[in-house]
Amino acid sequence: MQPIEGFSKLSKLEKIDFLVKSYLSNSSVKKETLKSFWIKEEKQQQLFDEFSENTISNFIFPYGVVPNVLINDKLYCVPMVIEESSVVAAASKAAKFWQSRGGFKTAILGSEKVGQVHMIWKGEPSTIENFFKSVKPQLFEEMSPLEVNMKSRGGGIKDIKLVNRTAEESGLFQLFVTFETCDAMGANFINTLLEALGRTFKNLMSAQFRDEELMIVMAILSNYTPNCLVRAEVSCPVSDLDDKSHGMTPEVFAEKFMRAIRIAELDMYRATTHNKGIMNGVDAVVLATGNDFRAVEACAHTYASHKGSYQSLSHAEIKDGVFRFWMDIPLSLGTVGGLTSLHPMARLSLDLLDSPSATQLMEISATIGLAQNFAAVRSLVTSGIQKGHMKMHLMNILKHFEASEEEILIARDYFENEIISFKSVRDFLAQRRNLQ
Ligand code: MEV
């Protein structure tokens, strides 16, 4: 195979032809498959093509909704984009369970964003430190023209600090900048400001200290935003945790649930899976609303380590007979700008959520994460998760063998207490079909 020059310049059809010829000659995926996922309306397809580069088709994920999500006494129907089966069902079940027990309560603990200018200064630390103090008001002033729009919405730079990291890396200093970006996630705003700030500080330093040069290594936002934090929680008397499907008393259920959370707090292996379950919910809402799920993932997992070891994001306690389950999670989200207004489905999601502010979207996403986590842990400490999963798996196998409605009904009954595997379902159907 020869490398190709100028691939990006080819038309979409030329790109596809090249791919089919070069990489897909032995695949069942052909030109028609790729074209079958194009959006019929040309303008709409063009919009999607322009989100990224070298686009040749679209990759479709299911778009589902969770009704009955009661958050701070307001009912939501929350959209979720996720390909994994059982996730939406689990969130729906948890939402329904908590709807009759007071619903979810949320609180915004902060909305601060972060950026850094990383610099190397080989001179005396006190020189740059004193100089920074003296020019700090000027730095604010010079950044002001870039903040006009954001300031009119109540945002802008909150503070600039100089951080000395020379103990860890020779000459390393950072401008550590905090921002309020209101309803925008703010990545472009922050990065533009940081680059300008770096240039301005360097120029001021050069004018003052002609012999020693300040090197700007890079200027970039941090996706770690521990003070852009939301809390979601549920609580009820332990006795209200009764549920016939548990097959155990509310007290035993609460005890097992607490143990499961405790294990995720102290064991990194379990914590990772536990938090993955939380992110099943969070990411699905983040995706449905056109937000950056990679940023959210990166931040959540860093935050899960903020106490020095990787731990569960959620916690539980029983005090005076009341069960409380909660989670603090940093979520840097936007409801204006970026894909949120460009992607028609993201726009629809935001409409469905009653046009939330960024902080409201943080509350909704955290709630779905907590609901997801409650449902997963509930299954794990009661029936185990395979029961639900296997039901879906059974349906997929039955569909594969083109089972009739009647066969599906009988198979579901039969496999209630039997091991579900591709072979066992195939044998079951073969035997029935032979008998008829
Ligand atoms: C599967 O996607 C997520 C779970 O593994 C989460 C958990 O174990 O808590 C069920």
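We count residues from 1, following the sequence as given. When a ligand or atom number is given, it counts from 1 through the structure's own listing order. These numbers were taken from a predicted model, which means no experiment stands behind them.
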Element-labelled atoms of ligand 1 that are located less than 4.0 Å from some non-hydrogen atom of Leu380: 7 (C), 8 (O), 9 (O)
Heavy-atom donor-acceptor pair, Ser22 side chain to Leu19 backbone, under 3.5 Å: no
Ligand 1 contact by Thr273, heavy-atom criterion under 4.0 angstrom: yes
Arg270 N/O under 3.5 Å from ligand 1 N/O: yes
Flag, side chain of Asp328 to backbone of Leu313, donor-acceptor distance under 3.5 Å: no
Ligand 1 atoms in contact with Lys276 (distance to a heavy atom under 4.0 Å): 1 (C), 2 (O)
More than 12 heavy atoms of other groups within 6.0 Å of Tyr23 OH: no
Ligand 1 atoms in contact with Glu84 (distance to a heavy atom under 4.0 Å): 1 (C), 2 (O)
Glu180 and Lys151 ion-paired at < 4.0 Å: no
Test item: Glu297 side-chain N/O and Arg294 main-chain N/O as donor-acceptor pair under 3.5 Å: no
Close-contact set for ligand 1 against Asn280 heavy atoms, below 4.0 Å: 1 (C), 2 (O), 3 (C)
